[in-house]
Amino acid sequence: MTSGWQRALPDMPTPPAARAWARITPPRRYEAQWRRLVEAALEQDLGPDALADTGLDPVAAARDWKPATVALYTKVARYGGIELAQPRTPEPDPLTLDLRELTRIRSDAPEHLRTVAWCSLALGWPGTVGQFRNLRRDQVHATSRRLLISTEDGEWSVPGALTAWHAWEAVRNRFPSLAASPWVLPALRRGPGVNSRVGGQLSTQALQVTFAKHAVRTATAMQVTAPPGRREEVEALAAVYLTLSYDSYRRLALAAGTSPVAPRGAVRAKRSVSRAARLAGG
């Protein structure tokens, strides 16, 4: 049975790195992150004692981890009992970003239209991935000017998303499984799960992957179609899209002034607004 980590006594030999890590119980609810941290440490032949001495710098350099990733795995290591100094979670970069390209309809493919509708809704209703996963069609109502979203937490008016919403509704109504689905963002194909089906509820991971794919495809399309006079500007924007996650998209929407619909990310968005104001003021 494994136990918590304790630093070896002075002048006492430490066990091999793999054996030392195997003696530690992974922190609850962070088992997957702990496993990746151990794998990264073992690549550098670092056991728990060595990692406590060196910190995450050797591992971060070898893996090319960004500051936010270092902050995450430092926290995970501390949860497992490894004595590491906790760095401050870095502010997101960039502070602001033009997100409109991700709401532009570029084809009539169902996957594309589904994600464009999601991005368009999120600019006015920046829900978390979990909130969008659970959002039902009967909670979204279209008027002549805007969409109205009604949940147990309240009601919101979302302007600027009608075109994307109607395009997505039109294409899904052509397929019986999608037309009958109660979800705003249903599955378009069967996944590996036993209960997975077309029209079923997507997992959080599937939604995150879907958004990342959409951001990369949007970046590629922008690069191909950029006019000569705007090529440098478009290339810079596309470079950010290539690594954009939905969490960052949502934080940027909040930082642009959209009212929060969940507490997660709201504080960091406010800090981004304050920081941008300070930088603008010199």
Review point. What's the verdict on salt bridge (charged side-chain N to carboxylate O under 4.0 Å, His left out) for Arg106 and Glu101, showing C-alpha distance, side-chain angles and the deciding distance?
Key: CA-CA 10 Å; Arg106 299 180 185 275; Glu101 290 295 332; 2.4 Å; yes
When rounded to the nearest 0.5 angstrom, what distance separates [atom1] in [X] from [atom2] in [Y]?
| X | Y | atom1 | atom2 | value |
| --- | --- | --- | --- | --- |
| Ser157 | Arg146 | OG | CZ | 4.0 Å |
| Arg250 | Leu99 | CZ | CG | 13.5 Å |
| Leu244 | Leu252 | CG | CG | 6.5 Å |
| Ser177 | Arg172 | OG | CZ | 11.0 Å |
| Arg100 | Ser120 | CZ | OG | 12.5 Å |
| Arg217 | His112 | CZ | NE2 | 10.0 Å |

Restricting to non-hydrogen atoms, name the atom on [X] and the atom on [Y] that form the minimum distance, rounded to 0.1 Å.
| X | Y | answer |
| --- | --- | --- |
| Val70 | Leu56 | O-CD1, 3.7 Å |
| Ala77 | Leu37 | CB-CD2, 3.8 Å |
| Arg133 | Ser203 | NE-CA, 3.6 Å |
| Ala187 | Arg197 | CB-O, 3.5 Å |
| Ala253 | Pro126 | CB-CB, 4.5 Å |
| Trp21 | Gly47 | NE1-CA, 3.5 Å |

Under 3.5 Å, side chain of [X] to main-chain N/O of [Y], donor-acceptor pair present?
| X | Y | value |
| --- | --- | --- |
| Thr115 | Glu111 | yes |
| Thr225 | Ala221 | yes |
| Gln131 | Thr128 | yes |
| Gln139 | Arg136 | yes |

Practice problem: Please test Gln208 against Ser245 for side chain to side chain contact (heavy atoms under 4.5 Å, CB included), starting from the C-alpha separation and ending with a verdict. | Solution: CA-CA 7 Å; Gln208 290 170 333; Ser245 67; over 6 Å; no
message = side chain to side chain contact (heavy atoms under 4.5 Å, CB included) for Ser181 and Trp183? Distances and angles first, verdict last.
response = CA-CA 6 Å; Ser181 174; Trp183 307 110; 3.6 Å; yes
Cluster question for you: counting only ILVMFWY and a side-chain heavy-atom cut-off of under 4.5 Å, with indirect links fine, are [X] and [Y] together?
| X | Y | answer |
| --- | --- | --- |
| Val76 | Leu84 | yes |
| Val116 | Met222 | no |
| Leu185 | Val140 | yes |
| Leu42 | Leu51 | yes |
| Leu102 | Val216 | no |

Does [X] reach the side chain of [Y], with side-chain heavy atoms less than 4.5 Å apart?
| X | Y | value |
| --- | --- | --- |
| Arg78 | Glu83 | no |
| Ile149 | Leu135 | yes |
| Tyr246 | Leu207 | no |
| Thr258 | Trp125 | no |
| Leu148 | Thr143 | yes |
| Arg23 | Pro48 | no |
| Trp34 | Ile24 | yes |
| Leu188 | Arg114 | yes |

Tabulate below the donor-acceptor pairs under 3.5 Å that side-chain atoms of residues 159-171 make, not counting sequence neighbours, or state none.
from, atom 1, to, atom 2, distance (Å)
Trp168, NE1, Val184, O, 3.0
Glu169, OE1, Arg137, NH2, 2.9
Glu169, OE2, Arg137, NE, 3.3
Glu169, OE2, Arg137, NH2, 3.3

Between [X] and [Y], a side-chain donor and acceptor under 3.5 Å:
| X | Y | answer |
| --- | --- | --- |
| Tyr73 | Arg36 | yes |
| Ser196 | Arg190 | no |
| Asn134 | Gln201 | yes |

Looking at Asp45, I want to see if its CG is surrounded by more than 12 non-hydrogen atoms of other residues, nucleotides or ligands under 6.0 Å. no
The residue among Phe211, Phe132, Tyr241, Trp118 that forms ring-ring contact (aromatic ring centres under 6.0 Å, His included) with Tyr249 is Phe211
By side-chain hydrogen bond (donor to acceptor under 3.5 Å, both in side chains), Asp153 pairs with (sequence neighbours left out) none
message = Checking Trp156 against Thr151 for the side chain to side chain contact (heavy atoms under 4.5 Å, CB included) test, could you report, in this order, the C-alpha distance in whole Å, the side-chain angles of both residues, the deciding distance, and whether it holds?
response = CA-CA 9 Å; Trp156 290 268; Thr151 73; 3.3 Å; yes
